[in-house]
Amino acid sequence: MNQNDMPKAYEPADVEAKWYPEWEKRGLFHGEPVPGKKAYSIVIPPPNVTGILTMGHVLNNTLQDILIRWHRMLGEEVCWFPGTDHAGIATESKVDKVLREKEGIDRRTLGREKFIERVWEWKKQYGGTIIRQLRKLGTSCDWERERFTMDAGLSDAVKQVFVRLYEKGYIYRGTRMVNWCPAAQSALSDEEVIYKETKGKFWHFRYPLTDGSGYLVVATTRPETMFGDTAVAVNPRDERYRHLIGKTVHLPLTDREIPIIADEHADPEKGTGCVKITPAHDPNDYQVGKRHNLEFINVMNRDGSMNSRCGKYAGLDRYECRKRCVADLEAQGLVEKIEDIVHNVGFSERGGVEIETLLSNQWFVKMDELAKPAIEAVKTGKIKFYPERWTKTYFHWMENIQDWCISRQIWWGHRIPAWYRDEEVYVGVEPPKGEGWHQEEDVLDTWFSSWLWPFSIMGWPEDTAEQKFFYPTNDLVTGPDIIFFWVARMIMAGYEFKGDLPFRNVYFTSIIRDELGRKLSKSLGNSPDPLAVIDQYGADALRFSIVYIAPVGMDIRYANEKCEIGRNFANKLWNACRFRRMQGPVSGEFKALSAKTAASLTPDEVLILSRLSEAVGSVSRALTEFRFHSAAHEIYDLVWSGFCDWFIEACKPRLYGSAEEKNQALAVLDFALWNLLRLLHPFMPFITEELAHQMSFLADGESIMKAPFPVPFPEILPADAEQLSAFTNAKYELVTAGRNLRLSNGVPPSRKAHYHIKASGEAYAAHLKNQLPALLSLLNAEEVSISLEEYKADDGSSAPSLLCEAGVIYLPLKGLVDTAAEKAKLEKQEADLRKWIRSAEGKLSNPGFVSKAPPAVIEAAKKQLSDLQEKLDRVLEALKRLS
RNA sequence: GGGCGCUUAGCUCAGUCGGUUAGAGCAUUUGCCUUACACGCAAAGUGUCGGGGGUUCGAGUCCCUCAGCGCCCACCA
């Protein structure tokens with residue numbers, strides 16, 4: 001091993017390409033049921049099989065990998081179950097689009113069977129993209145257990161669940177108002193509709209009374225639905241219209257007469273107070289229609305065009321129809337006025353088009369009974385949410401839960417296991433015996449397989465060792481946007497089918513936005529490609545940066561340049577190790593310091609080891625509480641500031657000193673580095689593995705993945721560690737002051753300086769004298785004299801000085817000193833001190849404080865005041881000397 | 001309309017149980033290629049903790065209130 005074989009800068013690409021296949025080859029990601037051993041498991045939120053890696057996935061999977069790697073190092077039997085989701089509508093439209101563009105075939109001309117074959121082909125060829133990309137990130141999923149929601153086993157689980165719920169009476173088929181997506185030509189669940197503020201018109205139309213006595217004015221945003229109107233409603237208490245109740249109006253553009261009815265639904269404050277009732281196309285009108293026994297007229301085709309009930313408008317697209325209706329009504333003088341309004345309009349989450357609410361025959365799941373244990377689990381804290389506030393969102397939804405529309409009029413998905421023959425309906429896992437049965441054409445909502453994921457992935461409904469050992473899983477990491485779609489439903493499914501919760505903790509990640517706070521989206525072009533970022537900065541850099549910048553429980557503002565944090569940090573760590581290697585081979589004490597070394601620790605060593613031991617504890621605590629970001633900050637600060645800036649610099653003279661000093665310094669460096677690498681490994685897996693080998697902490701064939709996670713080591717530290725650390729910090733404060741003096745007085749860095757320190761007391765003086773080599777090195781000084789006396793120059797020249805906890809540091813200067821600047825600096829110190837003294841005195845003279853504050857706080861305040869006064873005296877002395 | 005969150009340095013954010021003089025990174029200024037690192041080192045400046053009120057010996061932190069911003073749910077006449 002020689003010092004030249006580590007490049008000056010860390011080069012991630014080769015290191016990542018080397019280690020990932022190695023880890024996988026050695027089976028380090030694999031988890032196996034080991035009865036008696038502590039289990040730790042996570043199921044991945046399965047990305048869409050059509051998906052490509054986004055920054056959202058990066059965050060999500062990095063956090064999961066941190067947890068997984070951490071627990072693996074804790075010696076638990078760990079398994080991270082990966083896989084992908086068949087994503088019904090998304091995949092179907094994706095493949096449909098590809099077929100149309102590349103081959104000019106429509107899925108309908110292809111037919112159901114052929115089309116599904118093509119989707120499978122497409123899935124085989126392109127479906128693994130996101131899984132390959134996840135490997136680049138370093139995720140340690142158990143790839144041997146990769147599953148797909150349409151795998152045979154998972155499809156069995158879906159059928160089982162459907163049949164069980166049907167037999168329990170929780171699944172039913174019925175004609176109800178549903179959300180209809182004209183693009184997908186399928187029903188959607190309520191959760192798949194997103195409402196957007198949209199500019200629209202509020203048209204006021206005249207509906208003539210059939211008795212010729214005038215007209216009513218109804219206001220609507222959807223003129224084209226008027227062909228489905230079967231009444232006009234007014235509020236029974238509305239004086240303006242009471243006399244019209246029971247009469248009829250002529251529905252314009254048709255030859256129909258419809259009644260004027262009284263119903264509370266009509267709001268006198270809204271519009272004109274008269275509402276057209278379209279029971280087949282509006283949820284409220286549907287209720288009104290039921291109350292008044294109105295006719296339900298569906299006026300639309302599956303694709304959103306108008307049907308034969310619309311007379312000459314039949315076949316027109318809904319928007320075209322709207323235009324023509326308005327024009328024709330205008331021509332007939334039936335338009336009273338047109339207002340501009342902004343209102344919320346529902347769009348299909350996937351298709352991006354305006355949805356229709358319409359009456360349709362669909363399959364539903366009754367949810368209220370399923371919700372009960374799931375609500376209870378979160379209420380009692382058996383399942384915990386982080387951040388906790390998401391429980392409110394959860395409870396609100398769960399306590400107002402609606403039946404779930406699970407049927408979809410598409411082809412790609414789990415076909416509903418129901419068969420029809422004439423009026424008979426058969427529901428079962430296997431098709432019915434006998435002739436004449438045909439299976440339900442509809443497939444199930446994608447989430448109907450996702451909600452079973454935590455146990456279907458482990459082989460349910462078979463009774464498997466995996467379920468016994470790994471179920472319930474421990475933690476779930478996912479975005480808050482799918483709390484209803486997925487999290488809530490998994491909890492319900494867990495209790496219903498396994499009789500137990502699916503996971504104990506749910507960590508909701510931040511949502512990633514761009515630098516301006518906008519959501520990342522393809523159309524805005526502000527969606528960075530994680531693979532390009534990995535190429536540029538390295539996977540570890542991306543992982544670390546995104547955790548480092550993720551604010552707790554809030555959205556992340558991400559920009560690629562922020563990956564410099566992680567890249568620079570990786571480089572810093574790399575060079576710290578490179579420096580260490582230049583000093584010679586690894587010592588035998590990296591795993592545990594010898595008693596001899598521990599007994600002769602220098603104050604600098606005591607400080608860094610104390611900090612390290614504490615950091616190990618607080619990083620572990622932070623991870624337990626899912627405070628990833630504070631763990632990352634802690635490690636970053638420890639490595640950069642504590643270890644590199646101070647400790648390495650302070651130990652340099654010892655490395656060039658006696659053999660005994662050098663060996664001790666190396667032992668401590670190695671011990672600290674081996675702890676740091678393991679502490680950091682869950683966050684930056686590649687570089688830590690590489691360095692552990694570069695440093696020979698590990699032999700060939702070993703991996704840091706299986707090395708024990710560090711534990712605090714207070715037993716190594718001396719009894720007076722705290723005091724020694726305080727002295728050392730005070731020493732560093734003097735160094736900073738000395739450097740300040742040098743810079744502000746223009747002493748070039750190339751020149752070795754001379755300093756004098758007037759120590760604050762015997763204890764400080766002894767400590768500083770004892771630490772002279774480190775002081776000289778840190779100050780880049782030739783000489784530092786230490787005494788209890790202030791500095792006096794033989795030739796009468798003066799010396800600027802700065803006041804610190806441990807004493808006053810002087811930088812004697814031959815020749816001219818900028819006394820004005822010196823004086824100004826001292827005067828500022830004086831002013832600050834007086835301000836703080838006033839505040840301290842004020843506090844101590846407050847009778848309330850003295851009588852009510854805890855004694856320790858009062859003592860601290862007294863000590864602070866006397867320290868401040870002492871410092872002020874010294875500043876005043878210096879000022880006197882100057883004038 | 002209901003709920004949740006945010007507002008701290010130029011920017012992005014920490015700030016634990018209410019307790020010394022409110023911190024970090026980036027950016028800025030100054031000096032440095034000092035033999036691990038210029039993806040670096042050293043030093044410096046920067047605050048009405050959104051406004052107002054209250055509780056308390058003591059409030060960035062707890063309570064009330066107002067304002068601005070964001071998100072979720074409900075609401076398509």
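The chains referred to below are lettered A, B, ... by the order of the sequence lines, with proteins before strands, and numbering in each begins at 1.
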Could you check how far [atom1] of [X] sits from [atom2] of [N], rounded to whole Å?
X	N	atom1	atom2	value
Leu865(A)	rU20(B)	CG	C1'	11 Å
Asp832(A)	rA22(B)	CG	P	11 Å
Asn400(A)	rC73(B)	CG	P	13 Å
Arg580(A)	rC37(B)	CZ	C1'	17 Å
Ile512(A)	rG70(B)	CD1	P	21 Å
Met695(A)	rA36(B)	CE	C1'	11 Å
Asn780(A)	rU35(B)	CG	P	11 Å
Ile482(A)	rC71(B)	CD1	P	19 Å

Are OP1 or OP2 of [N] and a side-chain N or O of [X] less than 4.0 angstrom apart?
X	N	answer
Trp390(A)	rG3(B)	no
Ser630(A)	rA14(B)	no
Thr736(A)	rA43(B)	yes
Asn740(A)	rA44(B)	yes
Arg557(A)	rC13(B)	yes
Lys8(A)	rC37(B)	yes
Asn571(A)	rG40(B)	no
Lys392(A)	rG2(B)	no

Could you tell me whether [X] contacts a base, only the sugar-phosphate backbone, or nothing, with contacts defined as non-hydrogen atoms closer than 4.0 Å?
X	value
Lys862(A)	nothing
Cys577(A)	nothing
Tyr10(A)	nothing
Ala576(A)	base
Ile837(A)	nothing
Lys863(A)	nothing
Ala853(A)	base
Glu564(A)	nothing
Leu868(A)	base
Pro854(A)	base
Ile648(A)	base
Asp645(A)	sugar-phosphate
Trp203(A)	nothing

[atom1] atom, [N] versus [M]: distance in rounded Å?
N	M	atom1	answer
rG60(B)	rU21(B)	P	11 Å
rA36(B)	rG45(B)	C1'	30 Å
rA14(B)	rG50(B)	P	13 Å

Exercise. Parallel, tilted or perpendicular for Tyr10(A) and Trp574(A), by the 30°/60° rule?
Worked result: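 Plane angle between 30° and 60°, so tilted.
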Is it the case that [N] (base atoms only) and [X] (side chain only) share a donor and an acceptor within less than 3.5 Å, ignoring hydrogens and angles?
X	N	answer
Glu649(A)	rA36(B)	yes
Lys572(A)	rC37(B)	yes
Asn344(A)	rC75(B)	yes

Taking pairing as Watson-Crick or G-U wobble with both contacts under 3.5 Å, can you name the mate of [N], or confirm there isn't one?
N	result
rC4(B)	rG70(B)
rC17(B)	none
rA24(B)	rU12(B)
rU46(B)	none
rC32(B)	rG40(B)

Exercise. Of Arg389(A) and Arg567(A), whose closest RNA chain B nucleotide lies nearer the 5' terminus?
Worked result: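 Looking at the nearest nucleotide for each, Arg389(A) comes out on the 5' side.
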Exercise. If each of Asn568(A) and Thr393(A) is mapped to the nucleotide of RNA chain B with the nearest heavy atom, which maps nearer the 5' terminus, i.e. the 5' end?
Worked result: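 Its nearest nucleotide being more 5', the pick is Asn568(A).
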Problem set entry | Syn/anti state of rC17(B) by chi, 90° boundary around 0 |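 Classified syn.
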Exercise. So, does Asn575(A) use its side chain to make a donor-acceptor pair with the main chain of Lys8(A) at under 3.5 Å?
Worked result: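 Checked: pair present.
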Exercise. Does the side chain of Arg627(A) pick up a donor-acceptor pair with the side chain of Ser630(A) at under 3.5 Å?
Worked result: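 On atom types as modelled, these side chains qualify, holding a pair under 3.5 Å.
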Using a strict threshold of under 4.0 Å (side-chain N to carboxylate O), is an ion pair present between [Y] and [X]?
X	Y	answer
Arg751(A)	Glu782(A)	no
Glu356(A)	Arg222(A)	yes
Glu336(A)	Arg206(A)	yes

Exercise. Distance from Cys644(A) atom SG to Phe569(A) atom CZ, nearest 0.5 Å?
Worked result: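 One gets 8.0 Å once the value is rounded to the nearest 0.5 Å.
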Exercise. Is there side-chain contact between Ile837(A) and Arg834(A), with heavy atoms separated by less than 4.5 Å?
Worked result: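 Not in contact.
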For this session: Look at the side chain of Ser839(A) and decide which nucleotide, out of rG19(B), rU21(B), rC72(B), has an atom nearest to it.
Result: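 Within the option list, the nearest is rU21(B).
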Problem set entry | Selected nucleotide, minimal atom distance to Trp640(A) side chain, candidates rA14(B), rC41(B), rC71(B) |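 Of the candidates, rC41(B) comes closest.
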Exercise. When the ring centroid of Phe347(A) is compared with that of Tyr195(A), is the distance short of 6.0 Å?
Worked result: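 No: the rings miss the under 6.0 Å criterion.
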